Amino acid sequence: MNADSRTRLDQTPEWTALAGHREELGEAQLRELFARNPGRGTGYTLQVGDLHVDYSKHLVTDETLRLLRALAAATDVFGLRDAMFRGEKINTTEGRAVLHTALRAPRDAVVEVDGENVVPAVHAVLDKMAGFAERVRSGEWTGHTGRRIKNVVNIGIGGSDLGPAMAYEVLRSFTDRDLTVRFVSNVDGADLHEAVRDLDPAETLFVIASKTFTTIETITNATSARNWLLTELKAGQEAVAKHFVALSTNAEKVSDFGIDTANMFEFWDWVGGRYSFDSAIGLSLMIAIGPDRFREMLDGFHLVDEHFRTAPAESNVPLLLGLLGVWYGNFHDAQSHVVLPYSHYLSKFTAYLQQLDMESNGKSVDRDGRPVEWETGPVVWGTPGTNGQHAYYQLIHQGTKLIPADFIGFAEPVADLLPGLVAQHDLLMANFFAQTQALAFGKTPDEVRAEGVPEELVPHKTFKGNHPTTTILARELTPSVLGQLIALYEHKVFVQGAIWNIDSFDQWGVELGKVLAKRVEPALTEGADVPGLDESTTALVAKYRELRGRK
Ligand SMILES: O=P(O)(O)OC[C@H]1O[C@](O)(CO)[C@@H](O)[C@@H]1O
């Protein structure tokens, strides 16, 4: 379909039907929806792999779901999905294929880009990573002075940091507890300082993760790390080979930095930064958990990929989650989406999802460069329960905003929890279930009165409920389950981008700030005149220089 022949999304009959349906439903009450349909609590559930997904506490009826699926059909979500899996260049503004799904394809799969099967190359890199990870884990790989590696410091930012940093926390109980693994991303020198201050350089391996190997934060930190290491070891450049490896698509820049390309783990331009965590970018995690666990995680991703690729619309979980987001964002004016994991190990999961979702779908022009006339990606936020309950849940329960929420929880605590702490898991999960109940069904004024609450306090103690939630429940948090969860969100984001007709795989919006930072830096350091600097920023720069005692 070319740009001119495609009907504007918000003028399609399917969109109009949804808008009409939304009006008819009005403020549909979850209490009523449940009363009308006694099987709703069990009927509005789906299973994908180990993930039990309950969507009964959403402001939807069978008709809503039917109309949403009709919108997905009209916008050819599955057509674009198939094009992605086939290796077509659906990232049109960068002219690239989008094949993170090939990173977790089994060895015998065939996925072609420009007529070439990429799967053998994927597995060659995975094998190389596994060999290296085993050498580090076993102590066979030693530092420049012959000492065993005990510390791994991953230096990267965005997609080259958030994934492995998040997954390392998630899978802590599967890690080699004798290894210290740290993640440095911020160009604020404090980040690297805190990461290395108590480490012995002779026992430290730096993993420099950068798709482009040009990202200023990463190259600056990597250079500082190299200086620190060589100074502390009183060694020359020859020490770099034993203490630095690179994860990148850019062999030339890796070599310019001084890292032997034999110590480079490659990936490809058809892997987007925020979709790269299961590529070579996962090396630090693989060192921490071992190649077998890493493989289990990839299998978890693949399981959900296959589900997304083959399940019919009615039972396709990523499709459902994507459509629910469209329902709230486009037909209920919801501006944000909160993700609330009831697992301490998932403490960085939402930060990871922020890049995945907001860098992908934070767009305001469509694939053809025309301004979109509808809302696109939401603000994604959240922290682990139960901490959020004692901070911002007040607003979710009684504020004026509609905030759809995902609750993620597990039946079992992690395997190696101290025995005395295992009992706390039921309390954690009691909160998990109680919160979705309270959010959905609230507490009416009459129920409050029945508790003998004075009349003047009744409005304050009333909960209107009707706050939509998805509950994702699995038995335990394993490497495979983590892979399943991430793939679920990746494809959810895909579905929404496809419907909104935006390119979910570029990120031009991060460029301007980068360019300006380069221009502004000489003004800070040398007091240089920066042509075109606005009055406010000029004054702020002058204040900064004054505060730093610079003339
Ligand atoms: O891996 P690189 O090339 O250093 O890029 C890091 C991050 O920077 C971005 O390009 C922009 O923030 C992200 O998409 C990417 O994950």
Side-chain angles (χ1 to χ4, degrees), residues 90-100 103 125 129 153-168 183-188 191-192 206-226 244-259 261 264-285 348-363 377 379-380 486 489-490 493-494 497 502-518:
I90 64 163
N91 175 358
T92 47
T93 68
E94 295 181 321
R96 290 177 182 165
V98 173
L99 270 180
H100 41 280
L103 298 169
V125 173
M129 289 165 66
V153 180
N154 189 91
I155 297 181
I157 197 165
S160 299
D161 164 76
L162 290 164
M166 171 274 292
Y168 175 68
F183 294 85
V184 172
S185 55
N186 200 328
V187 76
D188 182 341
D191 199 1
L192 182 61
F206 288 97
V207 175
I208 313 302
S210 176
K211 178 177 168 180
T212 55
F213 231 77
T214 57
T215 304
I216 188 94
E217 293 88 341
T218 300
I219 300 308
T220 305
N221 275 326
T223 306
S224 300
R226 187 179 56 194
F244 281 80
V245 297
L247 321 174
S248 188
T249 59
N250 193 339
E252 202 182 318
K253 291 280 177 199
V254 167
S255 168
D256 289 351
F257 181 84
I259 297 178
T261 48
M264 165 176 156
F265 298 84
E266 185 195 7
F267 60 112
W268 307 273
D269 75 353
W270 40 264
V271 182
R274 54 195 172 275
Y275 297 88
S276 66
F277 146 64
D278 46 354
S279 69
I281 291 294
L283 183 67
S284 300
L285 176 72
K348 294 187 173 169
F349 190 61
T350 310
Y352 172 77
L353 292 185
Q354 282 179 325
Q355 188 199 16
L356 176 64
D357 201 322
M358 293 163 79
E359 199 167 82
S360 295
N361 285 344
K363 311 283 164 68
V379 176
V380 177
I486 298 173
Y489 279 97
E490 284 178 348
V493 166
F494 175 92
I502 54 180
D503 186 336
S504 299
F505 302 101
D506 60 17
Q507 56 285 316
W508 301 107
V510 299
E511 292 306 319
L512 179 60
K514 285 188 200 173
V515 172
L516 293 183
K518 261 196 201 145

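Atoms within a ligand are numbered from 1 in the order they appear, just like the ligands themselves. Since we're looking at a predicted model, the values are computed, not measured.
- Within the 6.0 Å centre-distance limit, the rings of Tyr489 and Phe349 are counted as a close aromatic pair.
- The protein reaches atom 1 (O) of ligand 1 closely, with a heavy atom under 4.0 angstrom from it.
- Here the protein heavy atom with the shortest distance to atom 6 (C) of ligand 1 is Ile157 O, 3.2 Å.
- When only non-hydrogen protein atoms are considered, atom 16 (O) of ligand 1 lies nearest to Gly159 N, 2.7 Å.
- Only one option out of Glu490, Gln355, Gln507 pairs with Arg274 in a side chain to side chain donor-acceptor pair (under 3.5 Å); it is Gln507.
- Between the side chains of Ser279 and Ser276, no donor-acceptor pair of N or O atoms lies under 3.5 Å.
- For a threshold of 3.5 Å applied to N or O pairs, the pair formed by Gly273 and ligand 1 contains no separation below that value.
- For atom 11 (C) of ligand 1, the closest non-hydrogen atom of the protein is Val510 CG2, 3.4 Å.
- Every atom of ligand 1 is numbered from 1 in the order shown, and the set under 4.0 Å from a heavy atom of Ser160 is 1 (O), 2 (P).
- Listed by atom number, the atoms of ligand 1 under 4.0 Å from Gln355 heavy atoms are 13 (C), 14 (O), 15 (C), 16 (O).
- Residue Glu252 places its CD atom among 12 or fewer non-hydrogen atoms of other residues, nucleotides or ligands, all under 6.0 Å distant.
- The backbone and the side chain of Thr212 each have at least one atom closer than 4.0 Å to an atom of ligand 1 (non-hydrogen atoms only).
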Check: Does the side chain to side chain contact (heavy atoms under 4.5 Å, CB included) test come out yes or no for Val515 and Lys518, once each step is laid out?
Finding: CA-CA 5 Å; Val515 172; Lys518 261 196 201 145; 5.9 Å; no
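- Here the heavy atom of the protein found nearest to atom 12 (O) of ligand 1 is Glu359 OE2, 3.3 Å.
- A salt bridge links Asp506 with Lys363; the closest basic N to acidic carboxylate O contact falls under 4.0 Å.
- For Glu217, the heavy-atom gap to ligand 1 stays at 4.0 angstrom or more.
- One side chain, Asn361 or Ser504, offers a donor N or O that lies under 3.5 Å from an acceptor on the other.
- Atom 5 (O) of ligand 1 has as its closest protein heavy atom Thr215 OG1, 3.4 Å.
- Closest heavy-atom approach to atom 10 (O) of ligand 1 within the set Lys253, Arg274, Lys514, Glu511: this belongs to Lys514.
- Using cut-offs of 30° and 60° on the angle between ring planes, the pair Tyr275 and Phe505 is tilted.
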